[in-house]
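Structure, as structure tokens:
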Number of protein chains: 2
Amino acid sequence: MVQIKSSDLPDPSGDRPEESRSLRRKREILDAASRVFRQRGLHASGMREIAGELGMHVGNLYYYFRNKEELLAFCQEDSLSGLLNLAREALALDAPPDRQLRHLIVGHVVLLNEETPGSLAHLEVEALTGEWREKIMAKRETYEASIRQILEAGARQGLLQVDDARLAAMAILGSLNWTVKWFRRDGDMSASEIGNAFADQILSGLSAREANLRRQSS
Amino acid sequence: MVQIKSSDLPDPSGDRPEESRSLRRKREILDAASRVFRQRGLHASGMREIAGELGMHVGNLYYYFRNKEELLAFCQEDSLSGLLNLAREALALDAPPDRQLRHLIVGHVVLLNEETPGSLAHLEVEALTGEWREKIMAKRETYEASIRQILEAGARQGLLQVDDARLAAMAILGSLNWTVKWFRRDGDMSASEIGNAFADQILSGLSAREANLRRQSS
DNA sequence: ACTTGATTTGAACCATCGTTCAAAAGGTAC
DNA sequence: GTACCTTTTGAACGATGGTTCAAATCAAGT
């Protein structure tokens, strides 16, 4: 009777060389689940398919996760942890807020589309209920707050022009999150290329100006 | 045995005073379904709940729609028709492309969040298969093409700065579509206020400039 | 009133899906 | 090799949800 506690799955995604066998297996399941969720869509993919992806049987999943919702919640938490790390990374950057923002934008697109396989789940908080929902939403709120923090710092320093940080953050997040709906691994642009192009557009805006200032730093 | 053909539900949402009883009922169902989809989420809402919303019984739905997928497809088509109208409207506007773009942006946010009740469905093309999926995706492609058309016209006239119209369109659409995930009817901003703020941000960009040109027309 | 076709009911069917559990298999330390 | 805990299996249960359909009801037209 192991019964792994919900507080497992450490935030730093760095691999401990000596993780218990059980935890490694758990992460394997998590990754498989994420993959399936992404391919077939959240509600279209059942526990049996997730188990099948790993060549195991359904019941076995319930040895590691209490139910489907917990599995989904862990996927989302994993994905969000990556984003929170990214946000910390961006804020710790020794660079002006506009560059911090670019770092975050590019990282977000890469994370959602190339690294974290569970990203799609991140878009479906509605599927969660109760404590899990609150926990995930709290984490998401923290992430959004980090973005606002960058924007407001930029505004304070006169580098960014931000009327309503909350609104600006949602506009940005919309562009970034939406990429999971159309990004293709075999497309003609990598995630980081897309991220950089988005950063260009978000920072410069679409309006042409007389003096065409392509970039103002470097 | 009436068997309404799939080509019904006329694009112009203007009410014909003499629509057949059957068609009116069909639209009632469509609206109810959209409402339920939106509240409970697509997969969480069953046929019984949709029927319940109208005080009718399950089986009756199948007199008007072959199955759930057809119901969903019609919802999406309805929503997309509204957007296509909007795009035509914007393009027909006797104004420079940047104003056409603003018109489209504001209209899109309003349509998705206040007018068309079936908007949420619009975000879930994955749930469709076969012919329906293709039909919806084709319509969506047409809409996106309209946006690119505006952007490219703007670029040609030197009014807009667009590197990659396809990418720019996706960034914009992401911001707009994402609003349905967080917009609240009882929030402190109306859909059109949000749309206008978005248009400001998308056009001007976040980078502060020496000459702070808030608006360049009017 | 009577007939005919349109609409609605009510109940059932069937597949799928999440979940449970007792039993089998694996792995390890003594 | 044997005892003990971990992990996996295989099969089943119960609920839900989409779907079907024959029968009942409704709405006109004559």
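Chain identifiers are assigned alphabetically (A, B, ...) following the order of the sequence lines, protein sequences preceding nucleic acid strands; residue numbering begins at 1 within each chain. This one's a predicted model, so the numbers in the text were calculated from it and none came from an experiment.
- The CZ atom of A/R24 sits 14 Å away from the C1' atom of D/dT7 (whole-angstrom rounding).
- Here C/dG18 presents its P atom at 10 Å from NE2 of A/H43, a figure rounded to the nearest Å.
- If you take OH of B/Y62 and P of C/dC14, they are 16 Å apart, rounded to a whole angstrom.
- Atom NZ of B/K68 is separated from atom P of D/dG17 by 9 Å (rounded to the nearest Å).
- Heavy atoms of A/G59 sit under 4.0 angstrom from at least one base atom.
- For A/Y63 and A/H57, the distance between ring centers is not under 6.0 angstrom.
- When distances are taken from the side chain of B/Y64 to each of D/dG18, C/dT7, C/dT19, the shortest belongs to C/dT7.
- Contact annotation: B/H57 side-chain N/O to C/dT8 OP1/OP2 distance is not under 4.0 Å.
- A salt bridge links A/E70 to A/R66: one of the charged nitrogens lies within less than 4.0 Å of a carboxylate oxygen.
- By the 30° and 60° cut-offs, the orientation of the rings of A/F74 relative to A/F65 is perpendicular.
- Electrostatic pairing of A/R40 and A/E53 does not count as a salt bridge here, judged by no charged N lying under 4.0 Å from a carboxylate O.
- Between B/Y63 and the phosphate of C/dT8, there is no side-chain N or O to OP1/OP2 separation shorter than 4.0 Å.
- Counting to the nearest Å, the C1' atom of C/dA6 and the CG atom of B/N60 are 11 Å from each other.
- The nearest whole Å value for the distance from the CE atom in A/M47 to the C1' atom in C/dC21 is 16 Å.
- Across all strands shown, B/R48 has heavy atoms under 4.0 Å from base atoms, whether or not it also approaches the sugar-phosphate.
- Remark: C1' of D/dT7 and CG of A/L23 are 15 Å apart, rounded to the nearest angstrom.
- The side chain of A/R66 places no N or O atom within less than 4.0 Å of a non-bridging phosphate oxygen (OP1 or OP2) of C/dT19.
- When only modelled atom types and interatomic distance are considered, A/T129 and A/E69 share a side-chain donor-acceptor pair under 3.5 Å.
- Nucleotide C/dT16 holds its C1' atom 15 Å from the CZ atom of A/R40, rounded to whole Å.
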